Structure formats: C-alpha cells, structure tokens
Amino acid sequence: MKFTKTALIASAAAMSLGLAACDGPQEEAMEDQAEQMESELDAQAEAMEDAGASEEAVEAMEDKADAVEDAGEEAADEMDGM
C-alpha cells in the first residue's frame with residue numbers, strides 16, 4: 001500500500017506544480033494534464049491487479065485516479081473563469 005500512497009502524493013505534487021505555473025486561462029492543457037495523470041494511476045491500478053493486489057486496493061486506486069482527474073478539471077474550470 002506504500003506504493004499507492006507514494007504514487008498519489010507524487011501525482012498531486014505534479015498537479016500542484018502545473019497549477020502554480022499557469023499564467024492565464026489554459027483550461028484545455030490543464031484538463032489534458034489531469035487526464036494524463038488519471039491514465040498513469042489507472043496503469044498503476046492495472047499493475048497492482050497483475051501483481052495480485054486485492055480487488056479493494058485496485059478499486060481504491062481507480063477511485064483515486066478518477067478523483068485526480070475530477071480535481072484537475074475543476075481547477076481548470078476555475079482558472080478559465082478568472
């Protein structure tokens with residue numbers, strides 16, 4: 001489970017850096033970044049499943065992937081409204 005937490009923290013940090021670097025409305029780029037992060041987390045969930053992780057752990061990772069994408073899209077929408 002340590003791997004899952006580390007991956008989530010790294011993804012959140014990367015997203016934070018991406019948001020901090022925005023100079024203006026870059027909604028599409030931010031949404032693309034959120035989708036990329038979701039894809040990476042989904043790939044990690046698949047790797048966990050292949051490695052024999054429990055179904056609950058895999059589903060939790062997939063839920064986190066969805067939450068990361070949703071948060072990125074919401075942040076992009078907020079930046080667009082500025």
Side-chain angles (χ1 to χ4, degrees):
M1 210 55 161
K2 186 180 240 183
F3 174 76
T4 303
K5 290 179 184 177
T6 303
L8 183 60
I9 290 169
S11 296
M15 188 171 145
S16 296
L17 290 173
L19 293 176
C22 292
D23 293 321
Q26 299 177 353
E27 183 177 11
E28 191 65 38
M30 290 176 67
E31 288 178 356
D32 289 345
Q33 181 182 16
E35 289 175 12
Q36 173 73 27
M37 291 172 57
E38 180 197 26
S39 294
E40 291 170 7
L41 290 172
D42 280 337
Q44 290 176 5
E46 188 173 325
M48 289 171 57
E49 185 175 27
D50 292 345
S54 69
E55 185 175 334
E56 292 83 14
V58 173
E59 287 178 9
M61 178 61 95
E62 290 170 345
D63 290 344
K64 288 177 186 177
D66 292 338
V68 165
E69 181 185 28
D70 291 344
E73 288 180 358
E74 287 177 24
D77 290 342
E78 289 175 17
M79 291 295 293
D80 189 43
M82 295 180 125

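Along the sequence shown, residues are numbered consecutively beginning with 1. All of these numbers come straight from a predicted model, not from anything done at the bench.
Atom CE of Met37 and atom CG of Asp32 lie 13.0 Å apart (nearest 0.5 Å). Glu55 CD to Glu49 CD: the interatomic distance, rounded to the nearest 0.5 Å, is 8.0 Å. Glu74 CD to Asp70 CG: the interatomic distance, rounded to the nearest 0.5 Å, is 6.5 Å.
Using a 4.5 Å cut-off on side-chain heavy atoms (C-beta onward), Glu69 and Glu35 make contact.
Checked against side chain to side chain contact (heavy atoms under 4.5 Å, CB included), Asp66 has the following partners two or more places apart in sequence or in another chain: Glu38. By the side chain to side chain donor-acceptor pair (under 3.5 Å) test, Gln36 pairs with Glu40, sequence neighbours left out.
Ala57 approaches Met48 most closely through the heavy-atom pair O-CE, 3.7 Å. Scanning both residues, Gly72 and Ala34, for their nearest heavy atoms gives CA-CB, 3.8 Å.
Put simply, the residue from Glu46, Glu62, Met61 that forms a side-chain contact (heavy atoms from CB on, under 4.5 Å) with Leu41 is Met61.
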